[in-house]
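What follows is a set of notes on a single structure, which appears directly below.
In what follows, every heavy atom counts, from backbone to side chain, and hydrogens, waters and symmetry copies are set aside.
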2 protein chains.
Amino acid sequence: MARNIFKYSDCPMHRSMAILGSKWKPIVIYALRERTARFGQIHAIIGSISKKVLTTTLKELEEDGILNRTEYKELPPRVEYNLTDKGRTLIPIIIQLAKWDNEHYEEKREKLEITP
Amino acid sequence: MARNIFKYSDCPMHRSMAILGSKWKPIVIYALRERTARFGQIHAIIGSISKKVLTTTLKELEEDGILNRTEYKELPPRVEYNLTDKGRTLIPIIIQLAKWDNEHYEEKREKLEITP
DNA sequence: TAAAGTGGTAACCAACAAGTAACCAACATG
DNA sequence: CATGTTGGTTACTTGTTGGTTACCACTTTA
């Protein structure tokens, strides 16, 4: 969502969408809702995200104060991610959004155009 | 957010982001929260959106059952937009998101890199 | 000696979102 | 006859996102 442009917009919706409005961010936040996890664990939990995209997603969420990144200088290296207070306050909103969708979602898969 | 791909995803967050996660959609929904408005009025309320982008935004929100489009066969033509029930249930969530942002937003404009 | 695990980077690419500017039909008005 | 109003459309350009694949350093294990 052109994150760097909207991050300091006058509009709070543009700002919150700059934080939340990308493919994987809500998923990553939700995955960390009640646990700390390592890079590889988040990657395994989510499954279909690529390492590169997970890296930039985590980096941006850290920049925006949503999560903490803790590096342990061991071998092999260990890096842990967990939500900040600010990040935790986002959880009920994410859950509400998912609930809203579930309540209003009708599977209209027949509308999907699959070109043979 | 690659709307057509995620619209029928298994993940409710991907689905709701397919509806809400673009630059102008939450703004348009919010603009219609307690009134019906014509194309030109929405354009005037929001101000900085282009006609082309407003057209596709409105069309997609109608497709997703968030708003109604009513065409009056007059001259000059009149077209009115208003939220559906489904769209109206989104309002408290949008307000919560904006509130969340306002509560956690610190203006760190000095971090913006403005290349001279 | 070779492989495996960890948390990433770098180079490259396709698809999509959003923006600009010009243009349109159909009349009403001056 | 020219201009304005309304709700758009068309063609074109740019910027961003997400994806793939290969690769890295370092150390332990087989």
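- The aromatic rings of B/Phe39 and B/Tyr81 sit tilted relative to each other, their planes meeting at an angle between 30° and 60°.
- Side-chain contact between A/Arg38 and A/Val79: absent, with no pair of heavy atoms (C-beta onward) separated by less than 4.5 Å.
- Following rounding to the nearest Å, B/Lys25 (NZ) and C/dC16 (C1') show an atom-to-atom distance of 12 Å.
- Note on B/Arg78: every side-chain N or O is 4.0 Å or more away from OP1 and OP2 of C/dC27.
- Look at CD on A/Glu71: it is 7 Å from P on C/dG8, rounded to the nearest Å.
- Summarising the geometry, the separation between CG on B/Leu75 and P on C/dC27 is reported as 6 Å, rounded to the nearest angstrom.
- For A/Lys52, the listed nucleotide lying nearest its side chain is D/dG18; candidates were C/dC27, C/dG19, D/dG18.
- A/Thr84 contributes a side-chain N or O that, together with a main-chain N or O of A/Ile66, makes up a donor-acceptor pair within less than 3.5 Å.
- When heavy atoms are screened at a 4.0 angstrom cut-off, A/Ser22 is found touching the sugar-phosphate backbone but no base atom.
- B/Tyr72 comes within contact range of no nucleotide atom at all, as no heavy-atom separation falls under 4.0 Å.
- Comparing C/dT20, D/dT9, D/dG19 against the side chain of A/Trp24 picks out D/dG19 as the nearest.
- Atom CD1 in A/Ile49 sits about 15 Å away from atom P in C/dG7, given to the nearest Å.
- Closest to the side chain of B/Lys59, from the set C/dG8, C/dA18, D/dT9, is D/dT9.
- Position along DNA chain D of the nearest nucleotide to B/Pro76 versus A/Lys23 favours B/Pro76 as the more 5'-ward residue.
- Side-chain atoms of A/Arg69 lie closest to C/dG8 of the nucleotides D/dG18, C/dG7, C/dG8.
- For A/His43 and C/dG7, the NE2 to C1' distance is 11 Å, given to the nearest whole Å.
- Distances shown here put every side-chain N or O of B/Arg3 at or beyond 4.0 Å from the OP1 or OP2 atom of C/dA17.
- Between B/Met17 atom CE and C/dA17 atom P there is a gap of 15 Å when expressed in whole angstrom units.
- Aromatic ring pairs are classed by plane angle as parallel below 30°, tilted from 30° to 60° and perpendicular above 60°; the pair A/Trp24 and B/His14 is perpendicular.
- Within the nucleic acid shown, A/Phe6 has no heavy atom closer than 4.0 Å to any nucleic acid atom.
- In this entry the distance linking CG of A/Leu54 with C1' of C/dG7 reads 10 Å, nearest Å.
- Salt-bridge formation is detected for the pair B/Lys7/B/Asp64: a Lys NZ or Arg NE/NH1/NH2 atom is positioned less than 4.0 Å from an Asp or Glu carboxylate oxygen.
- Look at NZ on B/Lys51: it is 19 Å from P on C/dA18, rounded to the nearest Å.
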